[in-house]
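Presented below is the structure to which this report refers.
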Amino acid sequence: MSELLNFNYPPEQAVERVTFFADVILPLPLPKLYTYRIPFEMNDEVLVGARVIVQFGSKKVLSCIVAEIHQNAPAEYQAKYILDVLDDKPIITTPQLKLFKWIADYYMCTLGEVINAALPSALKLSSESRIQLHPHYNPEEDELILAPQEEKIIYALQHNQALTFSDVGTLLQLKSYHKFIKSLIQKEAIIIYEQVSDKFSPKVVKKLRISEHFVQDEGMLEELFNQLAPQPKQLDVLLNYLQKVPVHQDIHLNYKGITKSELANSPHLSASSINTLIKKGVLEQFDQVVSRFPVEHQAKLLPMALSEHQAKAKDEILGLFKEKDTVLLHGVTGSGKTEVYIDLIKHALDSGGQVLYLLPEIALTAQIVQRLMKVFGDKLGVYHSKFSDNERAEVWQGILSGRFQVVVGVRSSVFLPFHDLSLVIIDEEHEASYKQYDPAPRYNARETALMMAHLQGAKTLLGSATPSVETYYNCKTGRWGLVEMTKRFGEAQLPDIELVNTREEQHRKNMHSHFSGKLLTAIEERLNRKEQVILFQNRRGYAPFISCEECSWIPKCRHCAVSLSYHKYNNELRCHYCGYHERMPHDCPACGATTLKSMGFGTEKVEDELKLLLPNADVQRMDLDTTKKKNSYQQIIADFETGKTNVLVGTQMVTKGLDFEHVSLVGILNADTIINFPDFRAHERAYQLFVQVSGRAGRKEKPGAVIIQTRDPLQPIFRKVRSNDYLSLYEHEIEERMRFVYPPFVRMIKVTVKHMDERVAENAAIVLAKDLTDRMGKQQVLGPEVPYIFKIRNLFLQEVHIKLPRETTNLRAAKSQIAQAIFNLKLLPDFKDVRIVADVDPV
DNA sequence: AGCACGCCGACT
DNA sequence: GTCGGCGTGCTC
């Protein structure tokens with residue numbers, strides 16, 4: 001813009017300087033954007049979607065995203081200047097910014113919260129206060145009276161350019177170091193300043209090459225050989241280098257060099273002779289910036305052989321995409337949906353767009369990544385919660401630069417900077433874990449991905465063996481397309497499902513702890529046949545609670561309204577809500593009896609008892625407790641894959657995405673807790689879980705078996721699971737949802753009121769519910785009610801549920817009513833510190 | 001979310 | 001008498 005003006009008028013006449021302002025999104029939970037003034041010389045550099053540095057408040061300097069550039073000078077205040085521009089290209093794309101605004105709007109949070117969740121923290125900058133010596137202060141000459149602590153700080157600053165506050169804290173071994181800093185500032189011995197530092201650091205490897213002056217021509221290299229002849233070890237190193245880097249063929253190869261480990265990795269080459277060569281100046285060390293994602297495979301976009309059913313499904317999907325933007329692929333477990341996805345991704349890449357392939361956290365395994373790597377090679381980016389910050393930033397940049405065209409990732413991948421999306425795949429579409437519950441943004445990646453696809457004109461394919469009722473409803477009403485795959489891949493049979501009535505078995509004295517005789521025999525059989533078994537128990541730990549046999553005392557969490565779970569491996573009682581833990585008491589703190597008994601059972605107990613009952617079984621447990629370390633998850637899977645272990649006991653984790661050839665039996669130890677969960681989705685969930693776990697049994701020609709232990713085998717859900725009758729489950733569920741007014745017929749918003757004082761929480765919720773009822777009518781507001789777990793982290797909870805009829809509600813207006821009601825409630829002095837959280841489409 | 005400003009208890 | 005506790009309110 002400025003160039004344009006300068007072009008038209010000579011600079012000295014260009015008095016009409018246009019002043020621009022930028023509305024920026026701060027990475028904070030603030031409801032509005034803040035307007036900063038763009039310094040004239042930055043007019044061309046400040047771009048929507050790029051990061052700029054601003055001072056916010058009296059000292060903090062931080063990076064934020066430019067959301068809008070305009071010329072409207074704020075009337076009521078003097079805008080501060082933008083201090084610096086960090087990016088010469090936007091790091092947030094225009095469609096992304098639109099999506100973020102939608103998320104903030106739809107899920108009732110601030111844009112700052114969205115940005116905060118979206119950006120890898122390596123791309124977020126915030127300043128830190130640092131101190132350095134005052135430029136006019138000379139500690140050697142100026143005589144100041146200093147406290148010993150102050151002298152210490154000055155001494156440290158004479159040897160270090162600058163210190164952060166926490167540096168000072170560690171230096172003095174003190175928590176209250178502030179007064180010394182203050183005093184030194186007053187004495188003008190030091191100054192304080194704000195420093196932002198870029199957290200993204202490219203990965204650097206140390207490499208070696210022959211020093212340049214030896215490779216200018218052949219003769220010099222020969223001379224070098226002669227020189228080194230008396231030192232055979234060093235000569236060896238050189239020869240080895242030339243073998244790996246044939247400099248004699250192309251002299252420029254030397255420039256790229258070789259890593260030290262590559263060179264040293266040959267036998268009888270010692271590191272010391274390499275080091276000697278470095279010291280002599282024959283080899284030189286240099287740093288090279290490399291990708292954190294090394295290219296292991298080149299993309300092989302060859303046509304892949306799809307089975308007849310897969311090819312048919314693919315054609316149907318492509319056919320439906322001509323008229324619909326969204327299609328559901330409903331394929332039974334083991335029908336080979338992944339191959340269909342891969343084929344469609346290739347198809348999408350051919351037309352030049354980007355692809356996002358969403359998977360739930362626990363289904364995104366090394367297995368699937370490797371498979372995709374083989375096909376898409378270095379075009380594939382992976383986005384995972386176990387990735388480091390720098391790795392995430394690199395994926396982010398890689399998508400912007402066009403290096404990654406396909407991304408396979410978890411929930412948060414919907415925040416990535418796609419700008420030319422042509423296909424989105426949402427696998428395991430029904431998964432509740434696509435919904436983030438805490439903290440804000442409380443978004444559902446499925447809905448967000450659908451909106452992103454919509455904004456970018458991309459097609460969306462949802463996939464599931466057990467679709468959510470909402471999704472299937474959208475297909476049934478014709479909004480979305482539907483493609484069914486009813487055959488398992490390679491003619492594999494669906495497993496045979498057997499129910500064991502644990503109530504009866506107990507009467508017949510046929511229960512061995514939590515195992516029925518039938519299940520034990522079946523496990524033994526598989527082990528004898530060298531086959532493998534998966535056991536599912538939906539509860540971690542040893543026992544969900546313990547109880548005194550004498551006085552019935554049950555240990556409870558001191559911060560939450562739940563009993564403490566017993567974890568045997570560390571002899572601890574632990575709260576699964578806040579993490580509080582204490583040692584398992586030896587005797588009852590209430591009555592002193594030594595008869596504390598564990599009640600119920602979790603995965604740890606299953607593992608324990610199975611080892612006792614079947615001593616020749618190699619049992620491994622997979623749950624949150626055994627997979628906390630970075631690679632333990634992979635290790636457990638690898639051990640099971642290679643047959644090192646033959647029984648895998650686990651929670652939800654064993655139900656998704658795992659394909660093991662030799663698993664011929666799956667046991668569900670206690671189906672009842674899953675079915676009887678107090679939630680309108682309990683049946684749907686139970687069905688999904690049972691079908692998904694069952695799907696782990698039997699592949700190829702071996703039909704698998706599933707044994708479900710339950711006290712109530714007559715539950716109609718079992719009939720549906722056994723006959724794989726999704727449709728009848730759906731029809732039953734949709735009817736109930738209609739009758740009791742639940743999604744998909746209404747949108748739900750759950751408002752949770754929290755306060756330390758039970759009465760305050762209750763009263764606040766009553767007032768809020770009343771206000772909401774006045775605003776939106778009696779039909780739409782339910783509660784307040786006390787949730788099943790009524791206290792978490794010392795906050796008492798109250799819930800108000802709002803039901804908004806899907807077709808008739810003006811969503812935006814309804815949400816603004818809710819926001820108003822919350823705002824007004826907080827204005828009341830009694831309720832000023834109640835915490836209120838709105839959760840849109842809770843799951 | 002920070003951070004500053006502002007009003008009440010335990011220390012030199 | 002001050003230091004420093006954290007309650008309230010603002011940040012372009």
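Each chain gets a letter, A, B and so on, in the order its sequence line appears, and its residues count up from 1.
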Show me the donor-acceptor pairs, under 3.5 Å and distance only, between side chains in residues 817-838 of chain A and residues at least two apart or in other chains.
unit_1 : atom_1 : unit_2 : atom_2 : d
A:Q817 : OE1    : A:R775 : NH1    : 3.3
A:K826 : NZ     : A:V834 : O      : 3.3
A:D833 : OD1    : A:H755 : NE2    : 3.2

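Residue A:L30 is classed as a base contact, given a heavy-atom separation below 4.0 Å to a base. Using a 4.0 Å heavy-atom cutoff across all strands shown, A:Q55 reaches sugar-phosphate atoms only and no base atom.
With respect to the salt-bridge test (charged N to carboxylate O, under 4.0 angstrom), the residues A:K187 and A:E150 qualify.
The cationic group of A:K32 lies under 6.0 Å from the six-membered ring centre of A:Y34 and within 45° of the ring axis, placing it in a cation-pi geometry. A cation-pi arrangement is found for A:K815 relative to A:Y106, the charged atom lying closer than 6.0 Å to the ring centre and inside a 45° cone about the ring normal.
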Q. Which letter, B, S or -, goes with each nucleotide of nucleotides 5-10 of chain C from 5' to 3', with contact meaning a protein heavy atom under 4.0 Å?
A. ---S--

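Taking atom NZ on A:K59 and atom C1' on B:dA1, their separation rounds to 15 Å, with Å as the unit. The CD1-P distance, from A:I25 to B:dA1, rounds to 18 Å in whole Å. Whole-Å rounding puts the A:I38 CD1 to C:dC12 P distance at 16 Å. Nucleotide B:dC3 holds its C1' atom 15 Å from the CG atom of A:L26, rounded to whole Å.
Between A:Y36 and C:dC12 there is a side-chain polar atom (N or O) within less than 4.0 angstrom of OP1 or OP2. For the OP1/OP2 pair of B:dG2 and a distance below 4.0 Å, the side-chain nitrogens and oxygens of A:K60 include no atom meeting the criterion.
Within 6.0 Å of atom OH in A:Y137, more than 12 heavy atoms from other residues, nucleotides or ligands are found, so the atom counts as buried in its surroundings.
Taking the six-membered ring where the residue is Trp, A:H70 and A:F21 present parallel rings, their angle staying beneath 30° rather than reaching 60°.
Of the candidates B:dA1, C:dC12, B:dC3, the closest approach to any side-chain atom of A:S58 belongs to B:dC3. With C:dT11, C:dC12, B:dG2 as the choices, the nucleotide that has an atom nearest any side-chain atom of A:L28 turns out to be B:dG2.
Taking the six-membered ring for Trp, A:F415 and A:Y443 have ring centres closer than 6.0 Å.
Ring stacking holds between A:F56 and C:dT11, with the centres under 5.5 Å apart and the planes within 30 degrees of each other.
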